[in-house]
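A quick write-up on the structure given underneath.
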Amino acid sequence: MGKVYKNAADALEGLTFDGMTVMSGGFGLCDIPENLIAALRDSGAQNITAISNNAGVDGFGLGLLLEPRQIKKMISSYVGENKEFERQFLAGELELEFNPQGTMAERIRAGGAGIPGFYTKTGYGTVIAEGKPTREFDGETYIMETGLKADVSLVKAWRGDTQGNLQFAKTARNFNPMMATAGKVTVVEVDELVEVGELDPNTIHTPGIFVQRIIEAKCEKRIENMTVRERN
Amino acid sequence: MGKVYKNAADALEGLTFDGMTVMSGGFGLCDIPENLIAALRDSGAQNITAISNNAGVDGFGLGLLLEPRQIKKMISSYVGENKEFERQFLAGELELEFNPQGTMAERIRAGGAGIPGFYTKTGYGTVIAEGKPTREFDGETYIMETGLKADVSLVKAWRGDTQGNLQFAKTARNFNPMMATAGKVTVVEVDELVEVGELDPNTIHTPGIFVQRIIEAKCEKRIENMTVRERN
Amino acid sequence: MTQRTGWTRDDMARRAAQELKDGFYVNLGIGIPTLVANHIPDGVDVTLQSENGMLGMGPFPYPDEVDPDLINAGKQTITELRRSSYFNSAESFAMIRGGHIDISILGAMEISEGGDIANWMIPGKMVKGMGGAMDLVAGVKRCVAVMDHTNKAGASKFLPQCTLPLTGRDCIDMVITDLGVFSRGEGEGRFRVTELAPGVEMDEVKAKTEADLRWG
Amino acid sequence: MTQRTGWTRDDMARRAAQELKDGFYVNLGIGIPTLVANHIPDGVDVTLQSENGMLGMGPFPYPDEVDPDLINAGKQTITELRRSSYFNSAESFAMIRGGHIDISILGAMEISEGGDIANWMIPGKMVKGMGGAMDLVAGVKRCVAVMDHTNKAGASKFLPQCTLPLTGRDCIDMVITDLGVFSRGEGEGRFRVTELAPGVEMDEVKAKTEADLRWG
């Protein structure tokens with residue numbers, strides 16, 4: 001029952017198929033599961049529905065899957081740092097479902113938590129609300145959003161132990177913990193794989209129950225928008 | 001705008017009133033906000049609706065508020081370690097609303113997260129579902145539960161800094177973090193009050209935004225059910 | 001009274017422990033299910049969840065290890081393991097409700113032939129509450145109920161319909177009693193007798209069971 | 001073209017910063033709102049939230065401090081403060097949706113007289129998405145929009161109804177433009193002119209505003 005796999009290709013073995021739904025963690029290019037995304041591309045799976053806050057950039061992140069046209073549909077809150085994405089979208093080759101970022105985060109949490117639907121004020125009165133059930137609470141109208149799940153969730157963490165307990169670094173946490181809960185199978189790449197007992201049980205962000213496979217892998221960690229100040 | 005108060009009485013000053021709704025953290029007697037509960041009793045507030053997983057024991061925890069009959073209604077998942085509770089309930093002096101423990105935890109989280117309602121399978125087909133709206137998702141029926149909020153939340157944490165950032169110890173976390181988010185005003189007692197910067201930002205369980213007032217206080221930390229094994 | 005045949009409480013716990021598979025995440029209820037932890041087969045590594053917010057529950061502490069901040073859902077003092085992690089109650093029940101726990105073994109007052117369970121209240125008596133039981137039976141992947149087959153008066157607790165208020169509907173996959181094991185697969189309506197306790201004859205089971213089982 | 005009167009982008013940011021009170025938790029949008037951080041009044045201590053999962057956002061890093069694991073919602077590299085805390089996106093938006101952020105200052109393409117805001121898409125152009133904007137305007141206690149009063153063609157951006165797809169309905173409490181400040185209190189339908197930028201006359205505001213304000 002070991003959860004530790006040799007490398008990304010190994011970790012995705014038997015999990016990929018045409019028409020699959022994949023969640024992919026990260027925010028912008030910050031701690032995306034780089035190696036697992038590349039292995040998913042190499043698997044050749046087609047017609048993927050990808051749930052990810054962003055769509056990567058050309059040649060990196062989910063951009064890797066866009067070029068060989070493996071993605072059929074994206075569910076995201078913010079895209080378009082990516083020329084190939086724009087081209088496919090404008091040519092009608094790519095479906096796109098925008099979710100408000102908080103709604104998306106909550107839908108993923110709900111999916112993992114066995115909550116099939118919840119009400120939110122976000123998007124009421126906008127195109128986002130079109131076709132969605134509404135309900136009044138205390139005189140205010142809310143729209144119903146549904147839980148999201150995936151066949152496979154790809155997650156990037158800072159440290160993980162051999163039981164799959166995870167810690168995330170700083171703002172690299174973002175969508176990763178919820179996605180870990182919402183995949184039928186969750187595969188994780190970590191900067192540092194440690195023995196069980198090395199992580200303080202009080203400071204684990206994702207308990208190992210949500211993790212089925214884990215690899216240690218080197219990450220490029222690209223910076224999308226380097227902004228610095230001068231020392232005076 | 002300092003959040004640090006001298007003691008429990010000081011921290012509740014101006015917050016208590018007849019008919020108020022109070023959330024009180026802890027599980028059993030494990031890390032309940034002992035000192036704040038005692039100060040709430042001393043405030044003399046009447047007709048309190050108390051939201052707490054349990055109701056304390058005679059003379060400790062929420063039991064302190066039961067004896068002087070300050071509680072009108074309890075929302076709990078498990079009670080009755082408490083003779084006075086039983087007496088008042090059987091005499092019809094105390095209203096009691098049972099919630100499944102997970103539904104209760106999620107209702108409190110929802111209250112703090114701006115989610116007025118959500119669907120769950122828990123309790124479907126039981127008395128808990130009576131009178132609640134239902135909805136089908138993928139052929140299964142779920143019941144709707146609503147978010148819970150409080151006028152004041154009383155929370156017990158292990159360590160807190162002067163900005164209200166909190167850490168909880170082991171299983172003493174329980175309901176405390178969600179309750180911190182669901183109070184109009186959240187008052188916290190900690191074992192250890194530290195300076196800002198002493199807690200690792202990566203390991204904070206409750207960010208200070210949810211905490212309005214904080215005190216350091218000595219806790220008795222009663223053990224409800226001491227169970228040990230022998231060294232052989 | 002004749003000499004008792006069938007399983008003792010400890011036997012039932014031992015039999016329930018056979019349902020645990022290597023790598024499982026497990027929630028054990030109070031009573032007989034607690035004893036299951038003593039009978040986990042060799043080579044089977046499971047992680048115990050405590051719904052008040054812990055994975056990787058360890059054994060009871062030695063007297064000098066007792067920590068008031070470390071208790072299980074029965075409010076007993078416990079210990080942590082190297083693999084342990086802590087989380088809040090909302091996260092704990094997200095885990096339960098979301099189907100992440102592989103198996104729940106829990107006590108029962110009554111089980112119906114359709115897999116309903118009643119184990120939280122007796123009308124007319126002081127009701128303590130359902131705690132996490134309703135969430136567990138609604139959320140956990142597989143639920144195994146352990147109970148005596150009959151009550152003290154000899155009446156069947158395995159019934160066409162539960163007479164006590166339900167904890168959950170159509171959620172029990174296996175029932176282990178002092179007389180044997182009763183199972184139903186995914187999508188099967190009724191239970192089959194899949195095992196008899198030593199010395200127990202099918203006739204005795206039939207005589208003591210009001211529920212309509214698939215006897216064939 | 002005549003010499004420009006009214007506020008510059010920096011002036012607008014400075015004016016917006018006056019809305020921050022000591023102890024506030026604040027979310028700043030991109031564009032002019034980002035500049036607000038440079039103008040926080042002395043003696044006012046606020047905590048900046050970044051919706052990708054941080055409270056206590058610090059200034060941009062020195063070149064040798066850059067950390068790829070530490071970015072803001074605009075994906076810019078930032079730093080942490082002693083008070084900082086990190087959390088996941090669900091927790092971050094629970095904070096926003098639950099009304100725990102005191103104020104959001106954000107850019108706008110159009111504002112309606114009823115407090116609607118449009119700031120995320122222009123039909124016919126490539127749409128990048130709303131990111132967290134819809135959650136912010138729906139959830140934060142008080143929303144202040146900062147925008148130029150007119151577009152490059154001189155047409156009013158303060159309108160009876162937004163012509164662009166909405167980000168949120170009836171959610172903006174104050175509008176700061178290059179011409180002045182427009183406010184409405186809790187439960188008030190329309191905005192009042194509460195302040196004019198230096199050199200700006202009410203007639204100019206009236207001429208450049210299509211929205212029906214409470215001019216009185």
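Letters A, B, ... are given to chains in the order of the sequence lines, protein chains preceding strands, and every chain is numbered from 1.
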Check: Contact part of C:Glu51 toward chain B, heavy-atom cut-off under 4.5 Å: side chain, backbone, both or neither?
Finding: both
Checklist line | Side-chain heavy atoms of C:Ile71 within contact of B:Glu224, under 4.5 Å | finding: no
Notebook entry, point to check: For C:Lys206, does the NZ atom sit with more than 12 other heavy atoms under 6.0 Å from it, leaving out its own atoms?
Noted result: yes
Check: So, do B:Thr120 and C:Arg97 sit near enough that their side-chain heavy atoms are less than 4.5 Å apart?
Finding: yes
Next item on the list: Select one option (side chain, backbone, both, neither) describing which atoms of B:Asn176 are under 4.5 Å from chain C's heavy atoms.
Entry: neither
Check: What distance do B:Met178 atom CE and C:Ser89 atom OG have between them, rounded to the nearest 0.5 Å?
Finding: 4.5 Å
Margin query: Less than 4.5 Å apart, side chain to side chain, heavy atoms only: is that true for C:Pro59 and B:Arg229?
Written below: yes
Margin query: When you compare the side chain of C:Phe60 with that of B:Thr227, does any pair of heavy atoms fall below 4.5 Å?
Written below: yes
Check: Should we say atom NZ of C:Lys75 is surrounded by more than 12 heavy atoms from elsewhere, each under 6.0 Å from it?
Finding: yes
Notebook entry, point to check: Do C:Thr167 and B:Thr126 touch side chain to side chain, with heavy atoms closer than 4.5 Å?
Noted result: no
Next item on the list: Measure the CG-CZ distance between C:Asp69 and B:Phe168 for me, rounded to the nearest 0.5 Å.
Entry: 11.5 Å
Note to self: Does atom CD (B:Glu230) have a neighbourhood of more than 12 heavy atoms from anything else shown, all under 6.0 Å?
What the structure shows: no
Note to self: Heavy-atom cut-off 4.5 Å, strictly under: side chain, backbone, both or neither for C:Ser92 against chain B?
What the structure shows: neither
Margin query: Can you list the residues of residues 128-142 of chain C that sit under 4.5 Å from chain B, counting heavy atoms only?
Written below: C:Lys128, C:Gly129, C:Met130, C:Gly131, C:Gly132, C:Met134, C:Asp135, C:Ala138
Note to self: Side chains of C:Glu91 and B:Arg173, heavy atoms from C-beta outward: is any pair under 4.5 Å?
What the structure shows: yes
Item checked: Separation of B:Lys170 NZ from C:Ile78 CD1 (nearest 0.5 Å) -> 10.0 Å
Next item on the list: Below 4.5 Å from any heavy atom of chain C, which atoms of B:Phe85 appear? Answer side chain, backbone, both or neither.
Entry: side chain
Notebook entry, point to check: Side chain, backbone, both or neither: which part of C:Asp64 has an atom under 4.5 Å from a heavy atom of chain B?
Noted result: side chain
Check: Under 4.5 Å between any side-chain heavy atoms of B:Phe98 and C:Trp120, yes or no?
Finding: yes
Notebook entry, point to check: Highest number of heavy-atom pairs under 4.5 Å with chain B: which of C:Asn88, C:Asp67, C:Leu166, C:Asp116?
Noted result: C:Asn88
Item checked: Contact origin within B:Asp31 toward chain C - heavy atom pairs under 4.5 Å -> side chain
Note to self: Among C:Cys171, C:Pro61, C:Gly74, which residue has the highest count of heavy-atom pairs closer than 4.5 Å to chain B?
What the structure shows: C:Pro61
